[in-house]
Amino acid sequence: MHHIIIFGPPGVGKGTQSLLIAEKYNLFHLSTGEYLRKAIDEETELGKKAKNIVEKGGLVPDDIMTGIVIQALKENIGGKDGFILDGFPRTLDQAKALDKIFGEMKIGGTEILYLKADEEELVSRLLKRGRKDDTEEIIRKRLRIYIETTEPIIEYYGSTGQVIEIHGVGAVEEIFGSICEKLG
Ligand code: ADP
């Protein structure tokens with residue numbers, strides 16, 4: 001059983017590695033970014049609320065995101081050997097809310113996979129990806145929010161000692177290999 005949170009800056013490869021990990025370990029994969037983009041494409045109520053925020057590189061409010069994660073976990077972890085969360089938590093309040101959810105759902109033994117790469121590498125990768133929120137200005141804004149709001153959460157997790165650091169530069173297969181070694 002694996003309960004994984006994949007953590008790191010935009011562009012570090014969380015999405016790519018998450019898919020490989022989910023397949024190998026039979027995990028439910030939730031990407032909150034993908035979930036929001038789908039809602040935006042389908043013009044659901046959530047999509048209408050989130051569109052402007054996501055396209056400008058801001059953060060969707062914590063209560064909305066927490067609600068999405070609770071519901072998705074409850075509906076999808078049956079029959080799986082755990083889950084991997086990608087893109088959540090992104091704020092300290094989300095991290096605390098997640099701890100509460102885990103407590104209520106009796107989920108323990110979380111593994112935090114922390115992928116790292118330097119900023120210029122990230123910007124150049126994101127510019128190549130070319131999603132709607134991948135213009136240089138919006139990328140820099142997302143990186144700033146990451147450094148100011150998201151990255152500090154790692155200290156919160158570090159105090160309980162379950163953070164696994166992975167160097168996120170190199171071939172996809174190589175990075176996946178080092179993740180698998182650490183996950184066991
Ligand atoms: P990236 O991998 O480039 O960071 P994501 O696909 O994870 O992009 O997220 C895209 C956008 O979706 C974010 O910039 C943000 O606007 C929104 N989003 C995703 N997850 C969250 C979250 N946990 N809290 C708030 N906003 C979120």
Side-chain angles (χ1 to χ4, degrees), residues 3-22 28-73 76 83-102 110 112-154 156-157 166 168-169 172 175-176 179:
H3 302 136
I4 301 172
I5 295 170
I6 191 160
F7 191 87
V12 80
K14 299 186 296 288
T16 307
Q17 296 297 333
S18 295
L19 290 173
L20 295 170
I21 296 164
F28 166 55
H29 170 219
L30 176 64
S31 157
T32 49
E34 249 172 50
Y35 188 102
L36 291 169
R37 282 189 292 279
K38 184 162 178 277
I40 293 168
D41 283 348
E42 292 173 354
E43 298 180 357
T44 63
E45 278 310 305
L46 167 68
K48 284 179 208 156
K49 274 189 220 153
K51 184 174 164 63
N52 215 6
I53 303 172
V54 171
E55 287 176 1
K56 291 204 169 102
L59 291 182
V60 174
D62 288 338
D63 55 337
I64 295 180
M65 295 313 301
T66 305
I68 291 170
V69 172
I70 298 177
Q71 199 190 347
L73 284 177
N76 294 287
F83 56 80
I84 179 161
L85 292 182
D86 166 7
F88 188 95
R90 248 183 171 83
T91 67
L92 193 56
D93 280 346
Q94 290 180 10
K96 289 179 178 164
L98 190 61
D99 276 350
K100 216 170 133 214
I101 299 166
F102 286 169
T110 318
I112 317 288
L113 274 180
Y114 182 21
L115 260 68
K116 291 175 114 170
D118 74 62
E119 183 162 337
E120 290 318 306
E121 167 79 19
L122 298 169
V123 174
S124 101
R125 284 189 197 177
L126 290 166
L127 282 173
K128 277 188 210 133
R129 181 169 75 178
R131 220 166 58 192
K132 206 167 185 177
D133 56 344
D134 286 339
T135 65
E136 177 141 12
E137 187 197 344
I138 305 284
I139 289 168
R140 299 261 177 217
K141 176 171 168 192
R142 284 177 17 235
L143 279 168
R144 205 170 57 241
I145 293 180
Y146 172 77
I147 290 165
E148 285 167 8
T149 308
T150 307
E151 203 170 40
I153 305 175
I154 211 70
Y156 173 75
Y157 285 122
I166 304 282
V169 184
V172 168
I175 298 168
F176 182 53
I179 291 175

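As the structure lists them, so they are numbered: ligands from 1, and atoms in each ligand from 1. What's counted below: heavy atoms across the whole structure, side chains too, no hydrogens, waters or symmetry copies. Since this is a predicted model, take the numbers as computed values, not measurements.
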Closest approach of Gly87 and Thr32, non-hydrogen atoms and distance?
-> O-OG1, 3.1 Å
Give a yes or no on this: more than 12 heavy atoms of other residues, nucleotides or ligands lie within 6.0 Å of atom NZ of Lys141.
-> yes
Under 6.0 Å between the ring centres of Phe83 and Phe88?
-> no
Got a donor-acceptor contact below 3.5 angstrom from the Gln94 side chain to the Arg90 backbone?
-> yes
Contacts for ligand 1, heavy atom under 4.0 Å, by chain and number, are Pro10, Lys14, Thr32, Gly33, Leu36, Arg37, Val54, Gly58, Leu59, Val60, Met65, Gly87, Phe88, Arg90, Gln94, Arg129, Arg131, Arg142
Indicate yes or no for a side-chain donor-acceptor contact from Lys116 to the backbone of Pro9 under 3.5 Å, with no hydrogens or angles considered.
-> no
Backbone N/O of Lys56 and side chain of Glu137: donor-acceptor pair under 3.5 Å = no
